[in-house]
Amino acid sequence: MPSFTFANILLESNPRSENYPGLYCRADRALSLNPQDGFWMLTGAGTFDFTTYFNSLSVMKLLKYTTATHFRLHIELRGSACTIMQTTTDQFSKESVPVEETAVHLDAGDDWQSVDVDFRITDTTVLAGFVIETEGAVELRNGYYELELSDDPHDVELVLATTTFKKEGFVTGNIELVRRNIVESGEDIADHFNMYVMDNGRTLDKETLDSDRITIVPEGNVGGAGGFTRGMIMALEQNPPATHVILMDDDVAISPESIKRTYNLLRILKPEHEYSMISGAMLNYRIGEDQCEDTGYMGPRGDFLPCKPMLRMTLLDDLIYNEMFEPSEDMRTALYAGWWYCCIPTDMIRKNGLPLPVFVRSDDTEYGWRCKPEFITMNSLCIWHMPFQEKYDAAVERYQTTRNPLISQFTTGFAPESDFIYAMHNKLRLELKKFGYTNAELVLDGFEDFLKGPRFIEQKGMAERTFLAANRNKEKLMTFEELQKVAENDPVLKGFDIRKIDRQLIDEDSPRTYTERLVDYVTDNGQRYIRTSGDGYAVIPLMGWVYPAGEIRGKQKLVVLDWYARKGAIRTKDAERYRAIRKRYLRDMRYYRAHAARLREEYAAARDKLTSIEFWKDYLDMN
C-alpha cells in the first residue's frame, strides 16, 4: 500500500502561537524556536501533549472521507532522555489518553534520533496525537504524520484565489507566507499550485509582488463576487486547468500548513467524496483560539446563522465536538460555506455555473446552496478573520443583505424555506424603533433595486455604483471627539461625557413589563398611532442587529456608538420621517405583491446568463 505524508507537525513562531500555544502544544514547560537551525526546544523536564488543534490527527474523518487505512508519526529528537507515545480520544474525552503499548524511549544524546510510532486505532477513536515526556531539555524537528492508503493519491492542481480592496496590510503578508512556505517549499504542492490576487483597488505593486506561481490581477472594483468569479475563470482556463480553487477573503491571517493539508486531503479523498467542498473555519483574529464558524445556514427568518456554537480550539472537548458535529436536517436545507476559506472542485463550477453578480454578501451562501455539495470540515483547516462586530457597515448590512438574498432566491431558488421579506421588514422596523431613519431608507433602497428586476443588476458596473451609493447614503458617523462637541451644544444631551462611557454602559438594557412591551410593539416606540416626543437620551451600540428595547423606550435622542472604531452618531426621534418611510415601505410592498410572480419568472429566466462565463467575461472586461 502506498505511503503518504499528510501533515507536518506545526510549530509556528508568531504572536498567535505565543499568545495561544495551546493550539499547537499543551505543556507544563515552554517551547522555543532556534531561528538559526529551525528546530524547536522543549525547555525542561515535563509533559508536552501535541493532541491539539493543529497537531492532532483527525482519524475519524480521515477514515470516513479518505483512502487512509493506517497512521504513523515520524519525528526527530535529540537532547535529554524522553519517551514518545501515541495519544487517543473518544467522543467524550476531556483529556487525551496515552497509548502505553506505543511508547518509545530514547536515551539522552547529542545526535538526532528518528522515531516512528505506528498508531493503534479503534472504532471509537476521534482524534489521535502524541505526547513527549522529557527528563530535561529536548530539541525536535522534522515531525509529520504519514498515512498508508488503499489507493494511489489523485493528481490535484490547486488555485488559491483572493480578492482585495485596499487591504495591503493583510494581503502582502499572506502573499509572502505563501511564497516562502508553499511556492518555495520544495514540497509536492509547489509544482501544482497557483495564487491569484484580484486587486480591486489597484493599490498592490504588481511588479514587486508577482512571482513564480503568484499573480496580481489589477481590475475594477467588482466586489468580492466579481473578484472570486475572475479567480474561478482563471482557474478553469490556466494550463493545466485547476482541479480545485480555494476562495479566501483578504482581511485574514493564514497558516500555510492549512493550505498544504487541504491539498493533501484532496489528493486522498475516496471517489464518493471527490465532489465535496472543503469549508475552512473562521477563527477570531482578535481571540485566536476561538472558532466563530466553519459552515452556516440560512434561518427561516432569513438570517445568516453558524451551524456550531462558538468553540474554543485550545480545549480538547471542543476539538472533539468540532470533529463530530453533524448539521441538523433543518440546517441541511440551506447549508453553505463562507468564502473566507472555501475549496471548490472546478468540475462543480463547470456543472453549476459561476456566482451571481451581487458585489458582496450572499454570493457564497447562494452558491453553496445551489451546488448542494457535501461539506467537509476538519480541525486545522482555517484562517483568522476580523470579527464581524468590528466590521459593521450599514451599506452592507442594510442595503446588500436586503437586496442580494432576494435576488438569489428569485434567480436560483436559494433557501426556499427562508423568508427574506420578513428579514427585510425586521431590519426596517429595528432601524425605525432606534430612530435610524437613514439606514432604514437603505433597506428600502435595496428592496427597490431588487424590484427593478435582473436587467438592472446585470448592467456592467451597476453592482459597484449601487454599493458606492449605499456608502454615500448610509448614516454618517463622527469620531468620539466630534460627537462630544456636538453633544455639548445639545440641551437634551446635557451631561453626556464620552470619557465616562464604557462597554458595560453601551451594552446594557433595562427590563420591560408586558404592558410596556405591548405599547412599544404597537406604537413602534412612540411613533405610530400614539406619538410621543420622548424625553432624554440613551446610549446604545451601533450594530443594527442589537435591540436594547428597555433603554430606548420613551427617549427623544439616542447616542449610537461603535466602540471598536471609536465613532458614533446622534439620532433624534422624528415621527414625520418615520411616517414617510412607512408610507414608502407600504407602497413598495403593494408593488411587490402585484409583481412578485413576474419578477420570479424574469429572475429565473436570467439565471443561465448571469452565471455564464460569457456574461462574466464581458462584465469583468476580460474580453
Side-chain angles (χ1 to χ4, degrees), residues 222-223 225-226 229 232 297-304 333-336 348-373 398-428 442-467 469-470 584-620:
V222 290
T229 300
M232 289 177 169
Y297 71 103
M298 298 306 303
R301 293 188 169 185
D303 36 11
F304 301 78
T333 61
L335 202 61
Y336 66 83
M348 186 175 287
I349 300 171
R350 293 185 182 94
K351 177 181 178 182
N352 295 287
L354 294 164
L356 293 171
V358 293
F359 200 79
V360 293
R361 199 52 67 91
S362 102
D363 47 347
D364 51 358
T365 57
E366 184 279 325
Y367 199 76
W369 178 89
R370 190 200 314 171
C371 295
K372 295 181 173 57
R398 290 303 177 242
Y399 178 85
Q400 297 287 141
T401 62
T402 297
R403 186 195 68 177
N404 295 352
L406 284 165
I407 290 174
S408 300
Q409 191 172 67
F410 275 49
T411 305
T412 66
F414 168 62
E417 303 301 321
S418 297
D419 188 344
F420 296 118
I421 293 296
Y422 173 87
M424 182 267 294
H425 171 83
N426 193 49
K427 293 185 189 88
L428 183 74
L442 275 186
V443 174
L444 294 181
D445 289 345
F447 186 45
E448 289 165 4
D449 281 352
F450 154 73
L451 294 175
K452 293 174 183 175
R455 280 178 289 190
F456 177 76
I457 195 63
E458 72 183 29
Q459 296 175 62
K460 188 184 297 187
M462 184 56 70
E464 179 189 11
R465 289 196 293 274
T466 54
F467 184 65
R584 178 182 169 190
Y585 164 71
L586 294 173
R587 182 199 68 202
D588 288 348
M589 285 302 299
R590 285 194 297 271
Y591 183 91
Y592 169 77
R593 285 189 286 266
H595 296 274
R598 174 185 59 80
L599 286 167
R600 198 175 296 274
E601 289 179 3
E602 290 179 359
Y603 274 111
R607 169 180 174 165
D608 289 346
K609 175 182 178 180
L610 295 176
T611 60
S612 68
I613 288 180
E614 294 76 18
F615 167 79
W616 271 105
K617 281 192 168 183
D618 178 65
Y619 191 87
L620 298 172

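The structure presented is a predicted model; accordingly, all values stated were derived computationally and were not measured.
- Ser362 is linked by a side-chain hydrogen bond (donor to acceptor under 3.5 Å, both in side chains) to Ser408, counting only residues two or more places apart in sequence or in another chain.
- Nearest heavy atoms, Thr402 versus Pro405: O-CD, 3.9 Å.
- For residues 353-368, the salt bridge (charged side-chain N to carboxylate O under 4.0 Å, His left out) pairs, not counting sequence neighbours, are Arg361-Glu397, Glu366-Arg370.
- When all heavy atoms of Val360 and Asn404 are compared, the pair lying nearest together is O-ND2, 2.6 Å.
- In Arg455, the CZ atom is not crowded: 12 or fewer heavy atoms of neighbouring residues, nucleotides or ligands sit closer than 6.0 Å.
- For the atom pair CG (Leu354) and OH (Tyr619), the distance works out to 13.0 Å, reported to the nearest 0.5 Å.
- For the residue pair Ile457 and Met462, the shortest heavy atom distance occurs at O-CB, 4.4 Å.
- Side-chain contact between Leu406 and Ile421 is present, with at least one heavy-atom pair separated by less than 4.5 Å.
- Across Ile349 and Tyr367, no two heavy atoms sit closer than the pair CA-OH, 3.4 Å.
- Qualifying side-chain contact (heavy atoms from CB on, under 4.5 Å) partners for Lys617, counting only residues two or more places apart in sequence or in other chains: Ile233, Glu237, Ile613, Met622, Asn623.
- Distance check: Met298 CE to Thr333 OG1 gives 10.5 Å after rounding to the nearest 0.5 Å.
- Between Leu428 atom CG and Leu442 atom CG the span is 11.0 Å, to the nearest 0.5 Å.
- A 4.5 Å side-chain heavy-atom check between Met589 and Phe447 finds at least one atom pair inside the cut-off.
- The backbone N or O of Phe359 sits nowhere less than 3.5 Å from a side-chain atom of Gln400 that would complete a donor-acceptor pair.
- A pairwise comparison of heavy atoms in Leu599 and Phe410 identifies C-CD2, 3.8 Å as the closest pair.
- A 6.0 Å sphere centred on NZ of Lys452 holds more than 12 heavy atoms belonging to other residues, nucleotides or ligands.
- Counting heavy atoms from C-beta on, the side chains of Glu614 and Asp618 never come closer than 4.5 Å.
- In summary, Arg584 and Asp445 engage in a salt bridge, as defined by a charged side-chain N under 4.0 Å from a carboxylate O.
- Pro355 places a side-chain heavy atom less than 4.5 Å from the side chain of Met232.
- You'll find the side chain of Tyr591 stays beyond 4.5 Å of the side chain of Glu448, heavy atoms only.
- From Thr365, atom OG1 reaches atom CG of Leu335 across 11.5 Å, with rounding to the nearest 0.5 Å.
- In this structure, Trp369 contributes its side chain and Pro416 its backbone to no donor-acceptor pair below 3.5 Å.
- Lys372 NZ: more than 12 foreign heavy atoms inside a 6.0 Å radius.
- For Arg301 against Tyr422, the heavy-atom pair with the smallest separation is NH1-OH, 3.0 Å.
- The side-chain hydrogen bond (donor to acceptor under 3.5 Å, both in side chains) test applied to Arg465 returns no partner, not counting sequence neighbours.
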(request) Could you walk me through whether His425 and Tyr585 pass the side chain to side chain contact (heavy atoms under 4.5 Å, CB included) test, one step at a time? (result) CA-CA 9 Å; His425 171 83; Tyr585 164 71; 2.9 Å; yes
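- Looking at residues two or more places apart in sequence or on another chain, you find no side-chain hydrogen bond (donor to acceptor under 3.5 Å, both in side chains) involving Gln459.
- No donor-acceptor pair under 3.5 Å is formed between the side chain of Thr411 and the backbone N or O of Arg607.
- Of the inter-residue distances, the one linking Asp419 atom CG with Asp303 atom CG reads 10.5 Å to the nearest 0.5 angstrom.
- Between Phe450 and Phe420, the closest side-chain pair of non-hydrogen atoms is not below 4.5 Å.
- One finds the CD atom of Glu417 at 9.5 Å from the CD atom of Gln409 (value rounded to the nearest 0.5 Å).
- Judged by distance alone, with hydrogens and angles left aside, the side-chain atoms of Trp616 form no donor-acceptor pair with the main-chain N or O of Leu356 at under 3.5 Å.
- Taking the side-chain hydrogen bond (donor to acceptor under 3.5 Å, both in side chains) definition, one finds that Arg403 meets it with Tyr399, Thr466, sequence neighbours left out.
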